[in-house]
Amino acid sequence: MHFQEDDIPPYLDGLNEAQLKAVLQTEGPVMIIAGAGSGKTKVLTVRMAHLIRQGADPFSILSLTFTNKAAREMRSRIEKLVGPAARSLWMGTFHSIFARILRMEADRLGYPKNFTIYDTDDSKSLIKTIVKEMGLDDKVYKPSMVLGRISSCKNNLIDPLGYAENTENLLQDKNANRSKFHEVYKAYAERCFRSGAMDFDDILVNMHKLLRDHIDVCNKWQHKFRYIMVDEYQDTNHVQYMITKRLAAVNQNIAVVGDDAQSIYAFRGANIQNILNFSKDYPEVKVFKLEQNYRSTQHIVNAASSVIKHNKKQLEKEVWTANEPGEKIRVVRSITEAEEARFVAQNIFEEKNLNQLPNKAFAVLYRTNSQSRAFEEALRKANIDYRIYGGTSFYQRKEIKDLIAYLRLVINPTDEEALKRIINYPARQIGDTTVNKLVYLAGENHVPVWDIVANVRQYSDMGSAALRVDNFAMMMKSFMSMAQSHNAYDLAMHIARQTTLLKSLYEDKTVEGVSRYENTVELLNGIKEFVEDDESDKEKTLANFLEEVALYTDDPKNQDPERDSVSLMTIHQAKGLEYPHVYVVGLEENLFPSQLSLSSRNELEEERRLFYVAITRAESKLSLTCATSRFRYGNLTPCEPSRFIEEVDSQYLDMNLAGLKREGVHNRFDNSGSSLPNRFERSYTTRASTLLKQVTPPNNSLPPVDPDFVEGDMNLLKVGHKVQHQRFGFGEVKEIEGEGANRKATVFFDALGEKKLVLKFAKMRIL
DNA sequence: TACTAAGCTCTTTTT
DNA sequence: GAGCTTAGTA
């Protein structure tokens with residue numbers, strides 16, 4: 001299709017040549033290799049808008065993404081282009097789209113329509129139960145390890161039978177002293193099926209099975225989806241690859257978008273070969289390369305290229321930008337993570353005021369979720385609003401999972417994990433002994449545990465416990481019948497009241513108790529909103545709500561676009577996002593690159609791609625920060641700067657800005673052997689009044705804390721006292737100054753080695 | 001069966 | 001440090 005100059009529809013305005021070509025090539029297989037910041041999302045959304053404008057039925061367009069955030073972003077952008085028609089698109093994550101299809105076709109696979117989706121906790125709990133039942137050593141068969149192996153089997157479409165038939169697998173397991181693994185896998189699969197439950201991987205595996213084994217169903221969906229688009233194709237794993245290939249087999253209109261330099265999900269089975277081999281699968285493929293970066297300054301783009309070129313495996317690609325050179329990348333090294341966080345918070349504060357920027361212009365990116373703490377604290381103290389993505393989400397909280405377990409059981413009584421969670425919560429005198437018996441009977445009779453619970457007396461030889469189990473069953477049955485006639489909110493509220501869940505949380509006036517109560521109320525409000533939401537065309541059933549809870553793992557509180565806050569997230573979550581100012585923090589060897597990633601899979605290249613993703617999030621200003629020591633597992637450990645800092649071409653780096661210790665960064669490269677540079681003899685000050693919270697009861701190796709000291713009277717602290725500080729470990733008081741609550745102690749901490757770190761601190765315990 | 005204190009283990013990224 | 005398990009007690 002060709003347009004005259006003045007003929008170009010307005011929605012195609014502002015596309016460069018490569019982007020326009022990629023948009024207009026709507027038929028046949030298309031591969032778009034899109035460098036970071038090259039307008040990939042723009043191309044995808046405009047392409048969909050273009051299809052719709054050309055008369056394609058939105059219901060015939062399937063667009064798959066990896067994260068909910070990406071799906072949401074894309075939906076809102078398309079809505080701006082084509083209006084409400086965007087709602088009819090089949091757009092979402094692999095998991096949410098396939099779950100939707102599987103619900104329609106569940107009977108074909110022998111699953112109930114209301115099948116449950118097990119989250120990682122459910123899966124691990126089930127594995128733990130199975131390992132216990134089989135009498136295996138739970139030190140060898142650790143739930144996370146077992147689940148990890150099961151997951152990678154599923155991602156490669158190896159079922160329990162196929163696994164057990166492969167002698168190589170069995171030999172490998174035997175050598176690793178886990179020869180029963182295949183039996184655990186088999187039991188796990190059977191148990192999930194019996195519970196009417198799919199785990200995350202099952203959603204993919206079963207989707208594949210559905211298309212493979214049911215030709216009529218496969219045919220239906222193949223014809224339905226005339227156009228298929230896959231975002232982040234470099235992150236697809238084998239089963240995802242097989243599904244999309246099959247779905248596209250009839251129309252062959254498949255467009256994949258990706259960047260091999262941003263492949264960061266090998267740990268969950270992503271196969272970079274999928275994108276590298278795309279042209280082999282579709283010889284007539286049209287390839288478009290988007291190489292102009294519109295997002296970042298020259299310094300950032302060039303720095304990113306200078307790092308990624310250390311990787312061997314990559315597609316040919318030259319990312320460039322016409323943007324300003326911009327500022328150099330700042331490198332900052334602090335003493336501890338707390339100081340690192342304070343630096344970032346203060347820097348955000350200054351930049352904000354200097355350049356009149358909103359909070360949402362800033363993002364702090366880290367390798368692991370646990371690193372968020374220090375930054376939360378620093379930002380809170382600086383009075384800067386922030387939001388944390390990921391980590392323990394709202395739906396992972398105990399009180400939320402408890403109430404949701406009731407709802408899950410109502411919808412799908414065969415859900416074993418939900419049943420086990422609540423059968424004795426709140427306590428109703430049904431202990432482990434009874435529960436184990438029920439589960440055992442279920443296994444004996446090859447029925448779901450609920451069947452036993454609902455008919456205890458038929459199976460019962462358990463005396464008075466039977467009465468209590470029966471009462472529980474009666475209560476659940478009343479909820480189930482109520483579900484027929486009431487909406488999700490009324491039912492949830494009824495359950496929360498009837499089970500005294502709400503009341504007991506309300507009566508708990510501890511800080512945690514209050515927050516648990518508030519969370520539960522919030523969940524109820526969330527259900528109410530879901531029920532009353534007219535926007536979405538989805539049915540307002542409880543089953544749909546539970547599906548959202550299981551698959552939309554991001555915190556609903558984080559989705560308010562109006563809220564002006566600094567974003568804190570892992571680099572994985574930052575994929576596809578961009579911010580004017582970015583701080584990539586915790587750049588220390590063994591943390592980023594991660595020790596585990598290097599030792600278990602030797603994935604330095606993937607870690608480097610992750611670093612590449614991190615720095616290409618920044619539009620104009622980028623800071624790389626690290627600490628010289630960090631508390632890990634409760635111990636203060638020295639840290640070396642990440643090798644990735646070294647890999648950035650130094651002409652793009654500014655090592656002399658605020659707080660930078662150039663010689664600090666150089667220390668590692670000097671081979672001086674010491675990880676703590678001399679210049680860290682400096683002082684810290686904290687008010688004595690913060691002490692109270694920090695005094696903890698003595699353990700057996702320490703004498704009791706002086707009660708007067710607990711009262712906050714610093715006068716008892718004398719030179720020579722041995723103290724313990726929560727961050728810096730053990731040390732000795734060298735000097736005392738000031739009076740009362742303002743009294744300061746200068747302490748030398750031995751944890752920091754020969755190099756003395758002098759602190760003025762009151763947050764400590766006397767030994 | 002329920003509750004508490006002490007002891008042990010594991011630390012990555014996501015749907 | 002946190003989360004979980006175990007042992008001991010009510």
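When reading the values below, keep in mind they use all heavy atoms of this one structure, side chains included, and skip hydrogens, waters and symmetry mates. Reminder, nothing fancy here: chain letters follow the sequence lines and each chain counts from 1.
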A/R373 CZ to B/dT11 C1', straight-line distance once rounded to whole Å: 14 Å
Below 4.0 Å: OP1/OP2 of B/dT14 and any side-chain N or O of A/Q573: yes
Touch class at under 4.0 angstrom, heavy-atom based, for A/T434 against every strand present: sugar-phosphate
Euclidean distance, atom CD1 of residue A/I388 to atom P of B/dT14 [Å, nearest integer]: 13 Å
Below 4.0 Å: OP1/OP2 of B/dT14 and any side-chain N or O of A/N369: yes
Minimum side-chain heavy-atom gap A/F94-A/T244 below 4.5 Å: yes
Give each protein N/O atom lying under 3.5 Å from an N/O atom of nucleotides 5-8 of chain C, with the pair distance.
residue, atom, partner, partner atom, Å
C/dT5, OP1, A/K128, NZ, 3.2

Cationic tip of A/K69 above A/Y552 ring, under 6.0 Å, 45° of axis: no
Residues A/T120 and A/S123: side-chain donor-acceptor under 3.5 angstrom: no
Whether A/Y366 and A/F375 hold their rings parallel, tilted or perpendicular, with breakpoints at 30° and 60°: parallel
A/R367 vs A/H95, nearer the 5' end of DNA chain B by closest nucleotide: A/R367
Nearest-angstrom distance from the residue atom CZ of A/F267 to P of B/dT13: 8 Å
Selected nucleotide, minimal atom distance to A/K142 side chain, candidates B/dC10, B/dT1, B/dT13: B/dC10
Distance-only side-chain donor-acceptor flag, A/T65 / A/D231, under 3.5 Å: no
A/R367 and A/T570, any side-chain heavy atoms less than 4.5 Å apart: no
Stretch residues 420-428 of chain A: residues that reach within less than 4.0 Å of DNA chain B through a heavy atom: A/N424, A/A427
Distance, C1' atom - from B/dT12 to C/dT5, rounded to whole angstrom: 24 Å
Separation of atom CE in A/M145 from atom P in B/dT12, rounded to whole Å: 16 Å
Interatomic distance where NZ belongs to A/K437 and P belongs to B/dT1 [whole Å]: 10 Å
Rounded interatomic separation in angstrom, taking CG from A/D122 and C1' from B/dT15: 14 Å
Touch class at under 4.0 angstrom, heavy-atom based, for A/T67 against every strand present: sugar-phosphate
Any A/S144 side-chain nitrogen or oxygen under 4.0 Å from OP1 or OP2 of B/dC10: no
Parallel, tilted or perpendicular: rings of A/Y265 and A/F66 (30°, 60°): parallel
Under 3.5 Å side-chain donor-acceptor pair for A/D415 and A/S195: no
Nucleotide nearest A/T570 (side chain, heavy atoms from C-beta), chosen from B/dT1, B/dT13, B/dT15: B/dT13
A/L551 versus A/I203, closest heavy-atom pair with distance: CD2-CD1, 4.0 Å
Sugar-phosphate, base or nothing in reach of A/F66, heavy atoms under 4.0 Å: sugar-phosphate
A/T93, nearest nucleotide to its side chain (from B/dC10, B/dT13, B/dT15): B/dT15
Atom pair distance, as rounded to whole Å: CD in A/E547 and C1' in B/dT15: 12 Å
A/F115 six-ring face occupied by A/R103 cation (under 6.0 Å, within 45°): yes
Value in whole Å for how far the P atom of B/dT14 lies from CD1 of A/I571: 11 Å
Touch class at under 4.0 angstrom, heavy-atom based, for A/S96 against every strand present: nothing
A/K401, NZ atom: more than 12 neighbouring heavy atoms under 6.0 Å: yes
First of A/S594 and A/G431 reached from the 5' end of DNA chain B, by closest nucleotide: A/G431
